[in-house]
Amino acid sequence: MSAAQPLDVQPTPLALLLLGREADPKSERGVECPGDLPAPSDPDLVARARAAKERLGERVFVLGHHYQRDEVIQFADVTGDSFKLAREAAARPDAEYIVFCGVHFMAESADILTGDAQQVVLPDLAAGCSMADMATAEQVAECWDVLTEAGVAQTTVPVSYMNSSADIKAFTGRHGGTICTSSNARRALDWAFQQGGKVLFLPDQHLGRNTAVRELGLSLDDCVVYNPHRPNGGLTQEQLRDAKMILWRGHCSVHGRFSLDSVREVRERIPGVRVLVHPECKHEVVSAADEVGSTEHIIQALQAAPRGSKWAVGTELNLVRRLANRFAEEDKEIVFLDRTVCFCSTMNRIDLPHLVWALESLADGTVVNRIEVDAETEKFAKLALERMLALP
């Protein structure tokens, strides 16, 4: 028998991503970019999605996150960021099914905030969030033990970003903390510092650092980073006692791509451009930008911008491209901050085939991919969310 001949197969960019190759050495872990999305789905799927949604009528309510691809977002009853969508779900008590076109932690939040009779469906269970996955319940419990041994746990208030698992939200609720979004992080931190002298900020270090330094007037020296993969978080007890902000070593895989070089390059390439970035970006990127704000703020800023203005936007590409198309008729030039095209790969697991399958299954009486948070976790996670809702 002759020796097997090597196959003449070239790996796709996505395959290289999954294999952990072709990483950008200047970026943070997990921010490799697989390139452009596949071509739009079969047009027949559009008709099938529309027909299934019509069969379900008011029994179904479809939520679409801003980062979803266009072929999915067209079927959303409401679009928005994660917290807006969770609140919209809670405001529809008559909807039997909530189909959440987003990622897992968003569907969990919707389940926590909706009624017991409502069922939340995530079209693809593989649609997770790399940032949320960077903080597990076991790691955070171990961190709290480290803070206890250092004698600072009793004066530390946990503040967890909305982009976290239900388990982390429940931990926050149990320990007297609150949840925050990128738009109310300052209010959450103001509240937390009134309760204690320190904050444990989970899981996005960049949002915590940017809010503390830019909006609360703390210094970078007031912040330390807790690394769950190192003994005692890689920190001494003295460092923990001296710090005001204990930042979890987590980040967004998309926003972590943007660099100071990205800002410099776009300013050279497009004279007069204004740089608008999300606060999940690195501190040096935020410091070099002209404007910083949440996803909703970015949309509102571009809507209010004068005709003919030029913008480089540092957030997920689906949204940037959609805004560029929306405001092109007003002669607003809107470009992606980084020259490398990059989508949120986990968000984009929600595609039209998965949405059609979920809707047709529901129309046929079968609930698929239901997201359920257990009662104990829901109790404390909801407590943390309600503290956020009560913020002044």
Side-chain angles (χ1 to χ4, degrees), residues 49 52-53 56 59-68 72-73 75-137 160-173 179 181 203 344-386 388:
K53 196 163 184 284
L56 288 161
R59 296 173 61 206
V60 70
F61 189 61
V62 179
L63 303 171
H65 191 274
H66 287 307
Y67 297 168
Q68 286 294 310
V72 169
I73 208 78
F75 293 103
D77 295 303
V78 172
T79 59
D81 61 14
S82 57
F83 183 60
K84 175 184 176 182
L85 294 178
R87 289 207 306 181
E88 288 286 347
R92 298 296 195 283
D94 295 332
E96 186 177 347
Y97 307 118
I98 305 294
V99 176
F100 210 125
C101 297
V103 294
H104 197 273
F105 78 80
M106 301 178 188
E108 285 184 331
S109 296
D111 184 59
I112 291 167
L113 293 173
T114 51
D116 293 339
Q118 294 177 287
Q119 300 182 75
V120 177
V121 169
L122 184 65
D124 186 350
L125 293 180
C129 171
S130 59
M131 180 199 296
D133 292 343
M134 290 177 190
T136 68
S160 292
Y161 192 20
M162 192 73 177
N163 299 29
S164 59
S165 68
D167 287 337
I168 301 306
K169 290 183 176 72
F171 166 88
T172 305
I179 308 302
T181 68
C344 176
S345 57
T346 51
M347 184 76 73
N348 277 283
R349 288 183 181 276
I350 307 296
D351 55 13
L352 198 49
H354 282 91
L355 179 60
V356 168
W357 170 70
L359 290 174
E360 289 184 339
S361 296
L362 293 175
D364 292 338
T366 302
V367 179
V368 295
N369 289 3
R370 183 180 179 185
I371 302 299
E372 291 185 89
V373 178
D374 66 87
E376 183 73 6
T377 301
E378 178 177 319
K379 172 185 174 182
F380 288 101
K382 190 170 186 178
L383 179 60
L385 286 165
E386 287 174 341
M388 179 179 72

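Computed from heavy atoms alone, side chains included, the values below leave out hydrogens, waters and symmetry copies. Everything quoted here is computed from the prediction, not taken from an experiment.
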Non-hydrogen side-chain atoms of [X] and [Y] separated by less than 4.5 Å:
X      : Y     : result
Asn163 : Ser82 : yes
His66  : Lys84 : no
Leu355 : Phe75 : yes

task: Give the intermediate values and the outcome of side chain to side chain contact (heavy atoms under 4.5 Å, CB included) for residues Leu125 and Ile371.
output: CA-CA 9 Å; Leu125 293 180; Ile371 302 299; 3.7 Å; yes
message: Quick test of your reading: applying salt bridge (charged side-chain N to carboxylate O under 4.0 Å, His left out), list the pairs with at least one residue in residues 368-378, sequence neighbours left out, ordered by first then second residue.
response: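 Matches after skipping sequence neighbours: Arg370-Glu372.
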field: Inter- and intrachain pairs under salt bridge (charged side-chain N to carboxylate O under 4.0 Å, His left out), touching residues 89-112, at least two apart
entry: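 As it turns out, the salt bridge (charged side-chain N to carboxylate O under 4.0 Å, His left out) pairs with a partner in residues 89-112, which skip direct neighbours, are Arg59-Glu96, Glu88-Arg92.
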Measuring from [X]:[atom1] to [Y]:[atom2], what's the distance to the nearest 0.5 Å?
X      : Y      : atom1 : atom2 : value
Leu56  : Glu360 : CG    : CD    : 10.0 Å
Ile98  : Leu113 : CD1   : CG    : 11.0 Å
Gln68  : Asp351 : CD    : CG    : 9.5 Å
Phe105 : Cys129 : CZ    : SG    : 5.0 Å
Ile350 : His65  : CD1   : NE2   : 12.0 Å
Thr136 : Phe171 : OG1   : CZ    : 11.5 Å

Quick check: closest heavy atoms across [X] and [Y], and the distance to 0.1 Å?
X      : Y      : value
Tyr161 : Ile179 : C-CG2, 4.2 Å
Leu383 : Gly173 : CD2-O, 3.7 Å
Ala358 : Val368 : CA-CG2, 3.9 Å
Pro123 : Trp357 : O-CZ3, 3.6 Å
Met162 : Leu385 : SD-CD2, 3.9 Å
Pro203 : Ala135 : CB-CB, 3.9 Å

- request: Evaluate the criterion side chain to side chain contact (heavy atoms under 4.5 Å, CB included) for residue pair Leu63 and Val99; output intermediate values, then yes/no.
  value: CA-CA 6 Å; Leu63 303 171; Val99 176; over 6 Å; no
- request: Report the C-alpha distance between Met388 and Thr181 in whole Å, list the side-chain angles of each, state the deciding distance to 0.1 Å, and finish with yes or no for side chain to side chain contact (heavy atoms under 4.5 Å, CB included).
  value: CA-CA 9 Å; Met388 179 179 72; Thr181 68; 4.0 Å; yes
Taking [Y]'s backbone N and O only, do any of them form a donor-acceptor pair with [X]'s side chain (distance below 3.5 Å, no angle check)?
X      : Y      : result
Lys169 : Ser160 : no
Asp77  : Val62  : yes
Asp364 : Thr366 : no

task: Give the C-alpha distance, both sets of side-chain angles, the deciding distance and a yes or no for side chain to side chain contact (heavy atoms under 4.5 Å, CB included) between Val60 and Leu359.
output: CA-CA 9 Å; Val60 70; Leu359 290 174; 4.2 Å; yes
